[in-house]
Every structure is written in structure tokens, then in C-alpha cells.
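Computation of the quantities below employed the complete heavy-atom set of this structure, encompassing side-chain atoms and omitting hydrogens, waters and symmetry-equivalent molecules. Remember, it's 1-based here, ligands and their atoms both numbered in the order they're listed.
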Amino acid sequence: MNLQVATGAIRAITGDALVVTATRKGDNVQLSTAASEIDALFEGLLTERSTDGEFKAGSGELLTLYPQGRLKVKRVLVVGLGKQENITTQTLRRNSAIAARHLQKSGAHTITLALSWDGIDNAQAAQAQVEGALLGLYNFRNYQSKEQNAAVNTLSVLASQDQEQAIEQAIRTAEALAAGTNFARDLVNEPPNVLTPEEMAKRAQAMAQRVGLECEIFEKEKIEQLGMGGLLAVSQGSVLPPRFIVLRHRGSDSGKQLTLVGKGITFDTGGISLKPAADMDKMKGDMGGAAAVLGAMHAIGTLKPAINVTALVPTCENMPSGSSYHPGDIVRISNGKTIEINNTDAEGRLILADALSYAVKEGLSPIVDLATLTGAMVVALGGINTGIFSNDKELTDAIIAAGKLAGEKYWPMPMDEEYGELIKSEIADIKQTGGRQAGSITAAKILEHFVGDSKWAHLDIAGSSFSDKKSYQEQGATGVGVRTLVNLAHDLAK
Ligand code: BES
Ligand code: ZN
Ligand code: ZN
């Protein structure tokens with residue numbers, strides 16, 4: 001994709017389409033500066049369409065104008081941003097995505113974006129609309145034989161000359177954030193016969209090389225040496241060997257750091273505690289946490305914030321077979337603690353326990369882990385909010401703020417000591433699951449046993465990482481977490 005700043009007059013813009021905005025103020029439509037200019041060139045056509053009530057500037061509402069000689073550009077698309085009091089950068093991101101998708105479907109290749117709102121700084125607006133367009137235009141069609149329509153190949157952002165540099169910078173940031181998000185979406189959307197633990201490691205390694213990160217891949221022998229009993233137990237039912245991926249971005253000599261951990265189950269059948277057949281195919285996405293961490297590292301490698309960031313990704317398959325781990329097994333995690341297995345479908349916490357223990361042993365803090373960990377999270381918050389479970393209020397607040405900037409929502413969940421009662425075991429240090437009550441919290445309480453004194457937050461993305469419905473993005477993987485993590489790294493680098 002060619003991304004650039006356009007600084008000329010509106011009349012000088014060429015290409016297939018120009019996107020401008022209008023907002024809703026009370027019962028009236030208010031045009032942006034660019035839209036007013038268009039309106040004047042069209043002798044008040046836009047004002048007329050609004051007063052007639054044909055165009056109400058509701059969020060996502062579209063109106064197409066054909067210049068017929070008034071402009072060089074072939075089409076003008078007016079997109080509504082909705083009520084003024086509700087407009088945020090996420091409104092621009094969403095509506096840019098809607099506009100870009102609409103234009104791509106109707107054959108546009110070169111688009112100029114002029115989405116703006118008085119309440120949002122121009123550089124932030126530029127970043128949001130480029131992110132939105134790139135996220136909206138994403139699709140996953142690698143496996144369809146049918147010839148695809150030619151895609152949008154050039155996006156320009158309209159800006160005044162004195163702001164050219166700031167806008168250029170914002171576009172580069174947006175490009176990195178969207179590329180990281182779409183990298184994660186590809187990993188989640190890939191089928192499980194392609195994206196095996198080995199393949200994930202290969203892609204991580206290739207990506208690290210491309211953007212300049214250090215990369216180490218631990219194979220089974222090394223995982224055994226490290227005593228990662230959780231990762232070994234879960235993977236032992238599969239013919240595919242596990243991997244443990246370590247990536248490092250070195251951006252600081254002053255000791256600033258952040259560690260990211262992602263659950264990388266490339267397919268979750270449940271193991272001996274087998275899942276029902278319906279919707280089991282969705283469990284190809286059980287590596288959404290790993291994907292988010294790798295996607296964030298893709299962007300972090302590109303943007304190079306002044307902080308050291310370590311990424312840890314344990315990855316394997318959870319399969320039923322003659323060599324699977326059993327309910328009743330006692331598994332020893334690499335920090336020495338034992339877990340009594342009572343449901344082999346609660347595999348994520350076992351592989352995360354080993355990764356968290358590894359981080360603690362390396363003296364790493366703060367740690368943020370992301371995982372499609374529990375079905376109970378989907379029930380509690382659906383796809384709208386991601387649950388945060390943490391031992392540190394400041395880190396929680398920083399993640400929520402980073403998410404807001406990214407257009408991703410997080411909701412803090414309770415971690416009271418009393419929940420720990422539910423995972424007491426008679427024969428091991430802890431029990432793997434605590435039964436039906438508070439399933440997402442007891443899962444987080446298990447993880448808490450492995451974070452030592454490190455500051456830590458666990459993000460359960462089971463509901464938010466995959467969407468069955470088309471929204472402003474294609475259905476499938478959402479890439480949730482990527483942009484939040486990159487924003488968090490920048491925030492902690494300050
Ligand atoms: N990968 C699943 C959680 C999940 C469910 C993610 C739905 C996305 C959508 C996880 O490994 C799992 O199966 N958890 C069990 C835990 C239970 C056995 C305590 C669950 O949530 O049912
Ligand atoms: Zn499971
Ligand atoms: Zn799982």
C-alpha cells in the first residue's frame with residue numbers, strides 16, 4: 001500500500017475517490033471544512049440533501065457525489081460521523097474503515113482521506129483514519145481460487161502544508177500499528193493444519209529478522225531441560241512438538257522494560273476432556289494471545305520505542321491420543337509448583353504458567369499476558385470488552401489508557417483472595433480448575449501463582465479476539481491487543 005500526504009487544493013486531487021465528513025449537531029448536519037468546500041463547488045447540493053433529510057450524517061452513513069467536471073477526482077464520498085458529542089478517534093477509525101471498504105468494493109484503487117473533526121488533533125485524526133482504512137481493507141482470501149478484485153493500492157491523507165511533517169509521522173505510526181494488527185489477524189485466521197507450533201516459530205523468526213528483533217526458538221529438548229512441565233504435558237498428546245519462542249527488542253540502556261506473554265495453542269480439541277464438535281473449528285484461534293504478542297512485536301520492531309521489550313510465546317496443540325495427559329495427572333511447572341489436572345481442556349493456564357515462571361526467573365517486570373483463556377470470559381463480557389486481571393492498579397490503568405488510544409476496551413475484573421479457595425488441592429500445590437463458579441477469575445488466580453513479585457496483568461481475550469460478524473472489519477480475527485500493547489510500550493518508555 002502506498003501511503004502519503006496530500007497537501008494541494010481539493011480541486012487538484014486526482015484518483016478514484018475523496019472521502020470527507022459531516023457530523024450531527026442536534027437535528028442539523030454540520031459539514032467539515034473540506035465538505036463545505038465540496039458543497040460550494042456543487043452549488044449547495046450537500047446542504048440541500050441534508051435539509052431534505054436524505055443525508056443525516058449518522059455514524060457510518062454514506063453519500064456519493066459525482067463531480068462531472070467540477071473536480072479532478074472521480075467520486076466524493078461523504079461519510080457521517082454521527083452525533084458530535086460522541087465523536088472520538090475510534091469514530092474516525094471506524095468510519096474510515098467503512099468508507100475504504102465501500103470504495104474498494106466498488107472498484108476504487110486510489111483514495112484520498114479527509115476525515116476530520118474539530119475536537120481531534122490533526123495528527124491523531126490522520127493516524128486514526130489511516131489505521132481504520134488499513135484495518136478495514138484487510139481480508140483473508142489466500143485460500144480462495146476465485147480471482148480477487150484488484151484492491152486499493154494508494155491512500156493519501158489531506159493536510160495543510162505546515163502540518164505535512166506531523167501528518168507524515170502519524171501515517172508511519174498508523175502503518176506500523178495496522179501492519180502489526182493484520183499480522184496477528186493472519187496468524188489467527190490461518191487454519192491449524194498450516195499454522196502449527198513449528199510454523200508459528202518460523203513466522204516469528206522471519207518477522208524478527210525483517211524488523212530487527214532478537215529471536216530464540218526453544219525446541220523440545222531445551223523445553224525439557226528447562227523443566228517446562230506444563231507445556232510438555234499439554235503437547236504430549238500431539239504428534240507435533242511444542243516450541244517456546246523468545247523475541248527481544250532492545251531500545252533502552254536505562255533498565256526500562258516490558259514483557260509480553262501469549263497463549264499459543266494452535267488447536268484446542270480439549271484433549272481427553274474433549275470439546276463438543278459444534279464450533280470446535282473456532283479453536284484454531286486459541287493462539288490469539290500469541291498472535292497479539294507477535295503482532296505487537298512486529299510494530300515495536302518497526303517503531304523502536306525506548307524500552308526493552310521481551311516476548312515469550314509457548315506454543316503447542318491440545319490433542320486427544322494414547323499419549324495425552326490425563327485428568328488426574330499431577331504436572332510440575334518450571335518454578336517447581338505442582339498442579340493437579342482435573343480437566344485437560346484447561347490447558348492454557350499450564351503453558352502460561354511455564355512462560356510466566358520463565359519471565360520471573362529472568363527478573364522481568366511488568367509482565368502482560370494475553371490469552372483466549374476461558375469460555376466464561378465470552379459469557380461475561382462478550383466481544384466488546386477484554387477482561388483485565390492484575391496485581392497492580394497502576395499497570396491496569398496504563399493498559400486501559402493505552403487501549404482507549406487504540407480503540408480497544410478493557411474492563412477490570414476482581415481478584416479477591418477468597419477466589420483462591422476454589423483452586424485448593426488435597427494432593428498437589430493447586431488444582432487446575434475451580435469448577436463452574438467464576439471460571440475466568442479462578443483461571444487468573446492459577447496464573448497469579450506463577451508471577452512471583454513481578455507486576456502483572458492478564459488479559460483474557462477469549463471473547464474479543466474473534467468476531468463472527470462483519471463490523472467495520474472483516475469477520476474473523478480482530479487482532480485485539482496489538483495496538484494496546486504497542487501504545488503501552490510507548491507509554492512505559494516515557
Ligand atoms: N480455549 C479455551 C477457552 C475459549 C473458549 C476460548 C471459547 C475462546 C472461545 C480454553 O482452553 C478452555 O477450553 N477453557 C475451559 C476451562 C474449563 C475447563 C475450566 C472453558 O472455558 O470451558
Ligand atoms: Zn481448552
Ligand atoms: Zn484453550
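- Rounding to the nearest 10°, we obtain 70° for the angle at the Zn ion (ligand 2) between Glu347 OE1 and Asp345 O.
- Between the Zn ion (ligand 3) and Leu373 there is no N/O/S contact shorter than 2.8 Å.
- Among heteroatoms of the N, O or S kind in Asp268, OD2 lies nearest the Zn ion (ligand 2).
- The Zn ion (ligand 2) has no N, O or S atom of Asp286 under 2.8 Å away, backbone or side chain.
- Under the 4.0 Å criterion applied to side-chain N and carboxylate O atoms, Arg483 and Glu131 are assigned as salt-bridge partners.
- A donor-acceptor contact closer than 3.5 angstrom links the side chains of Thr386 and Ser464.
- A 4.5 Å side-chain heavy-atom check between Met287 and Thr315 finds every atom pair outside the cut-off.
- Residues Tyr138 and Thr181 have side chains that never bring a donor and an acceptor to within less than 3.5 angstrom of each other.
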Audit row: Asp286, Lys263, salt bridge (charged side-chain N to carboxylate O under 4.0 Å, His left out) steps and yes/no: CA-CA 7 Å; Asp286 208 20; Lys263 171 180 171 182; 3.1 Å; yes
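- Residues lining ligand 1 at a heavy-atom distance below 4.0 Å are given as Lys263, Asp268, Lys275, Met283, Asp286, Asn343, Asp345, Glu347, Arg349, Thr372, Leu373, Thr374, Gly375, Thr433, Ala462, ordered by chain and residue number.
- Note on Lys494 versus Asp491: salt bridge recorded, some NZ/NE/NH1/NH2 to OD/OE distance being below 4.0 Å.
- Between Lys222 and Glu219 there is no salt bridge, since none of the side-chain N atoms of the basic residue sits less than 4.0 Å from a carboxylate O of the acidic one.
- Ser440 places none of its side-chain heavy atoms less than 4.5 Å from the side chain of Leu373.
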